[in-house]
Amino acid sequence: YNIILKKLSYLFLSFALITSFVSCDQVESVPDASPVLISEIAGTWVVDMIYDGDPAGTNTISIYNTGANDSNLMWLDDQEHSWGLLAKVPLNLQALTFGGAGLDELYYGVTVNITEGKIIKGGATAPSGDVVDSISFKAEFSDIPGEIWEYSGYRSTGKIEDLP
């Protein structure tokens with residue numbers, strides 16, 4: 001009886017193994033070759049934060065393209081390092097300015113006004129001595145109206161001495 005069960009289990013295991021090899025069609029994955037339209041500003045930025053006039057630390061934020069790869073929108077993401085800022089922000093790529101009012105902030109479900117957003121090519125010197133782009137903007141959240149977060153800093157070089 002045990003011999004029959006053992007042979008049946010081997011037969012079943014062999015059948016399952018063979019069908020797993022032939023049941024899947026191999027399809028080669030092809031990455032999207034379209035360029036990131038905002039690549040000149042996308043990346044990690046090291047910023048000093050000021051909250052309502054008082055220093056609130058130094059950390060990183062990220063800028064990246066939207067799923068539609070628009071050249072007039074960008075994601076602005078503080079990775080919850082400050083009050084919590086994840087918003088799709090209107091962008092003027094030619095002027096290197098950004099901002100908008102009543103933008104949906106997705107970490108906490110509030111709205112945010114982004115003002116005075118600008119990037120200056122070669123506008124900062126990182127602690128390592130490298131000349132990099134600078135960034136600055138202000139954010140006012142609907143759950144703390146009248147209180148302003150100010151962000152200013154530089155594009156991260158990835159060097160250890162340039163990280164917060």
Side-chain angles (χ1 to χ4, degrees), residues 25-164:
D25 292 331
Q26 278 192 327
V27 177
E28 185 176 339
S29 175
V30 179
D32 183 0
S34 59
V36 175
L37 296 179
I38 65 164
S39 62
E40 66 183 275
I41 64 167
T44 301
W45 298 79
V46 177
V47 292
D48 293 322
M49 298 172 292
I50 296 174
Y51 171 60
D52 206 27
D54 294 323
T58 300
N59 224 311
T60 58
I61 61 170
S62 294
I63 293 176
Y64 44 90
N65 62 314
T66 64
N69 200 22
D70 294 316
S71 62
N72 61 347
L73 286 173
M74 67 180 194
W75 282 107
L76 184 58
D77 185 355
D78 76 352
Q79 302 152 9
E80 293 186 270
H81 290 150
S82 62
W83 192 251
L85 173 59
L86 175 59
K88 195 182 299 187
V89 181
L91 166 69
N92 181 330
L93 192 56
Q94 291 71 33
L96 296 176
T97 58
F98 57 93
L103 306 173
D104 291 329
E105 190 291 308
L106 301 181
Y107 282 130
Y108 295 103
V110 297
T111 60
V112 61
N113 297 331
I114 303 292
T115 58
E116 301 177 35
K118 64 181 172 181
I119 295 171
I120 299 172
K121 293 291 189 180
T125 302
S128 64
D130 293 344
V131 175
V132 293
D133 301 341
S134 69
I135 189 170
S136 61
F137 64 95
K138 295 180 179 179
E140 180 183 11
F141 298 87
S142 62
D143 55 340
I144 49 171
E147 299 179 18
I148 307 296
W149 282 89
E150 297 177 52
Y151 300 78
S152 63
Y154 58 91
R155 181 190 295 270
S156 175
T157 63
K159 294 178 181 176
I160 292 175
E161 61 264 33
D162 292 341
L163 296 175

Hey, could you give me the NZ/OG distance between K118 and S134, rounded to the nearest 0.5 Å? 7.5 Å
Can you tell me how far OG1 of T66 sits from CG of L37, rounded to the nearest 0.5 angstrom? 8.5 Å
Approximate separation, where rounding is to 0.5 Å, of E116 CD and S152 OG: 11.5 Å
If you define the side chain from C-beta out and look only at heavy atoms, does anything of I38 sit under 4.5 Å from L91? yes
Strictly distance-based, threshold 3.5 Å: is any side-chain N or O of H81 a donor or acceptor partner for the main-chain N or O of N59? no
Atom pair CG (D78) and OG1 (T60), whose distance is rounded to the nearest 0.5 Å: 9.0 Å
Distance in Å, S156 OG paired with D130 CG, rounded so as to fall on 0.5 Å steps: 10.5 Å
Side chains of M74 and Y64: does their closest heavy-atom pair fall under 4.5 Å? no
Does the side chain of T115 reach to within under 4.5 Å of the side chain of I148, using non-hydrogen atoms? no
Parallel, tilted or perpendicular: which one describes the rings of F137 and Y151, with boundaries at 30° and 60°? parallel
When rounded to the nearest 0.5 angstrom, what distance separates OG in S62 from CG in L85? 11.0 Å
Do L96 and I120 come close enough that some side-chain heavy atom pair is under 4.5 Å? no
Determine the minimum heavy-atom distance between L86 and E105, stating which atoms define it. N-OE2, 3.1 Å
Expected output: side-chain D77 to main-chain Q79 donor-acceptor under 3.5 Å: yes
Any side-chain heavy-atom pair from V112 and S142 closer than 4.5 angstrom? no
Between N92 and A95 (side chain of the first, backbone of the second, donor and acceptor by atom type, cut-off under 3.5 Å), is there such a pair? yes
For N65 and W75 the tightest heavy-atom approach is O-CD1, 3.4 Å
At their closest point, which heavy atom of W45 faces which heavy atom of R155, and how far apart are they? CE3-N, 3.3 Å
Looking only at heavy atoms, the pair that brings G102 and N113 closest together is N-OD1, 2.7 Å
Assess, by modelled atom type and distance only, whether the side chains of Y154 and D133 contain a donor and an acceptor separated by less than 3.5 Å. no
Assess whether side chain to side chain contact (heavy atoms under 4.5 Å, CB included) is satisfied between I41 and L93, documenting all intermediate values. CA-CA 9 Å; I41 64 167; L93 192 56; 4.3 Å; yes
Minimum heavy-atom separation for A56 and W149, please, with both atom names. CB-CZ3, 3.7 Å
Are the side chains of V47 and T58 in touch, meaning some heavy atoms are under 4.5 Å apart? no
Check: A126 main-chain N/O paired with D162 side-chain donor or acceptor under 3.5 Å: no
Okay, side chain of E161, backbone of S128: is any donor-acceptor separation there less than 3.5 Å? no
Do E80 and Y108 have a side chain donor and acceptor closer than 3.5 Å? yes
D143 and W83: side chain donor to acceptor below 3.5 Å: yes
Shortest non-hydrogen contact from L76 to I114? CD2-CD1, 4.2 Å
